[in-house]
2 protein chains.
Amino acid sequence: MARVTGDGTVGKALEVLDQVAAFGRPVRFSELLAQSAFPKPTLYRFVQTLTNQQMLAYDPDRQTYSPGVRLVRLAHAAWDQTTLAPVARRHIDALSKIVGETVHLAQLDHAQVLYIDKRNAGQPVEMYSQAGKVGPAYCTGVGKVMLAFLDSDAADNVIEQQSFHVFTEHTLDSADALRAELNDIRENGYGFDREEHEPGIICVAMPILSDTGRVLGALSVTSTTSRTNLAGLEAFVPVLQDTADKIKRDAQNWSFPDHTSKETTRI
Amino acid sequence: MARVTGDGTVGKALEVLDQVAAFGRPVRFSELLAQSAFPKPTLYRFVQTLTNQQMLAYDPDRQTYSPGVRLVRLAHAAWDQTTLAPVARRHIDALSKIVGETVHLAQLDHAQVLYIDKRNAGQPVEMYSQAGKVGPAYCTGVGKVMLAFLDSDAADNVIEQQSFHVFTEHTLDSADALRAELNDIRENGYGFDREEHEPGIICVAMPILSDTGRVLGALSVTSTTSRTNLAGLEAFVPVLQDTADKIKRDAQNWSFPDHTSKETTRI
DNA sequence: AAACTGGTTTCATTATTTGAAACTTAGTTT
DNA sequence: AAACTAAGTTTCAAATAATGAAACCAGTTT
């Protein structure tokens, strides 16, 4: 019988790590145990191991576990090497200046949208508090445009995992409704969020596709129904397209500076 | 014979993850193999597992691995729940406004200094590019003040792992020199970086200690020898102390808002 | 003091990891 | 095109590590 987790011991340990992170607050061992599939000593050892490895942090005063600092270090590397953020940075700066609205850069993680960067028109950026956040794929602009351009196996797989929780009266509430919408998006090359996630919040979203057609990520410009409407947002499509093209191009040419002997450098 | 890694299979897998992250750029399997202690099939399986788990990302076009996006999501949770950043935010904002110099907030990760937040006097913040960076503990202000207040077993362990690479003519170049310095710091309650890491760069650093005496992190105010000197920086000690106390207090009272039914929320 | 709760350890059983060797591509060279 | 090479992948028996029922050890509560 195939295990849910797969990937042996390492997969199980990472499952525990996710479980802790999902709590959103420091948790006690017993709380984890209560909702864990693992027997007590097994879970105990995983938690011990992860704590040793600084993947979890243990607060002896409160006797709680939370995600460890080692993750912050690793994520810095991930953000820098794997995400579109470093290549896209200057392009979304420019985009946000032109459109004067909030701009998001996102990628897919499992079946969710992972926000990688954000420009809050005008405001200085508060990065870490935003990047790393996840959102639903089926009811966000960036989510839908990315789904629309996945190959159909991958798309099916992701669609299957959507919750179709109804946030507003415009939320797409079924796989069929979503598939229809994805067809439209494929036709147009871009998509909207029509107050599907939060009332009064609308956006235009544009996929970032590689030359070979792989989905690299997505961009969106967000606004409110009090300031504009879908037609108003649609006017941004050319500049969004242009920005997406530039990011695509840079992402493909990007080659990492070879700092072979990297002694730790000044922050 | 005790393994270096310890922590069984999970520890080994995480060692591989670190190895990939340390490269600072996408790497091929063969590059990893060349510098790995693991035999080919073992390393191969670890890389496979980690990729399945999205802890690594595989680029099929270039046939390279890099740290995966799952880390970004996990780190968001870590930054939010485990680090001092969210509690310290308003205090370091205030501090940076008062002193008008660059302010750092750091914690220890393994034997290194991990920068958690930063205020770049005046400039708008560019967070992600900075938070997550690591630096040496033996030649930075924040590193030394944290070491000084660790209990002696932990300190010994960390000191043992320092490279004592000589960056400038003022860099402490031995465990003995460092230990002497740590004694002074323990006496005073704060410490300096006397151009030990980079010529012309100096700082005052203050540990953030819990009521029970545990090291929670450290704060520093950084400047240049062209703008001020150690005596000038020492004038900031009272306000640094005050800020550290406030962060300590808030960290201890901090209780996480209980969003039990956390549907994904807007970014 | 007995019962309970939350956390930790033991140890024989079981399942997983391990790695030498063999194999498969894909790319070069003769 | 055959022979060589390098990089990546699979096999399989032996070695090792993970597993979890049960027992144990604090503190607390009844």
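Only this structure's heavy atoms are used, side chains among them; waters, hydrogens and symmetry mates stay out. Numbered from 1 within each chain, the chains take letters A, B, ... in sequence-line order.
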Return the nearest nucleotide to the side chain of A/F29; candidates are D/dT11, C/dG7, D/dG20.
-> C/dG7
Counting heavy atoms from C-beta on, name the nucleotide in C/dT17, C/dG19, D/dG8 closest to the side chain of B/S30.
-> D/dG8
Donor-acceptor contact below 3.5 Å, side chain A/Q162 vs main chain A/A111 = yes
If you pin A/V10 and A/E31 to their nearest nucleotides in DNA chain C, which one's is more 5'?
-> A/E31
Position toward the 5' end of DNA chain C (nearest nucleotide), A/T9 or A/Y65 = A/Y65
Could you check how far [atom1] of [X] sits from [atom2] of [N], rounded to whole Å?
| X | N | atom1 | atom2 | result |
| --- | --- | --- | --- | --- |
| A/D59 | C/dG7 | CG | C1' | 16 Å |
| A/Y58 | C/dG6 | OH | P | 14 Å |
| A/F46 | D/dA17 | CZ | C1' | 11 Å |
| B/F38 | C/dT18 | CZ | P | 8 Å |
| B/Q63 | D/dA6 | CD | P | 17 Å |
| B/E15 | C/dT17 | CD | C1' | 16 Å |
| B/R45 | C/dT18 | CZ | P | 7 Å |
| A/L43 | C/dG6 | CG | C1' | 13 Å |

Counting only side-chain N and O atoms of B/T42, is one of them less than 4.0 Å from OP1 or OP2 of C/dT17?
-> no
At under 4.0 Å, does any side-chain N or O of B/Y44 touch on OP1 or OP2 of D/dT9?
-> yes
Residue from B/F46, B/Y58, B/F29 passing ring-ring contact (aromatic ring centres under 6.0 Å, His included) with B/Y65 | B/Y58
Heavy-atom closest pair (A/L71 atom, A/P67 atom, distance to 0.1 Å) is CD1-CB, 3.8 Å
Would B/R214 and A/D61 satisfy side-chain contact (heavy atoms from CB on, under 4.5 Å), going step by step from the backbone distance to the final call?
-> CA-CA 10 Å; B/R214 276 195 308 124; A/D61 299 343; 3.1 Å; yes
How about B/F164 and B/Y138: are their ring centres within less than 6.0 Å of each other?
-> yes
Short side-chain donor-acceptor distance under 3.5 Å, A/R25 and B/Q81 | no
Grab the N/O contacts between the protein and nucleotides 21-28 of chain C below 3.5 Å, and write none if there aren't any.
none

For residues A/W79 and A/I116, determine if any side-chain heavy atom of one lies less than 4.5 Å from a side-chain heavy atom of the other.
-> yes
Side-chain donor/acceptor contact of A/R28 with base of C/dG7 under 3.5 Å | no
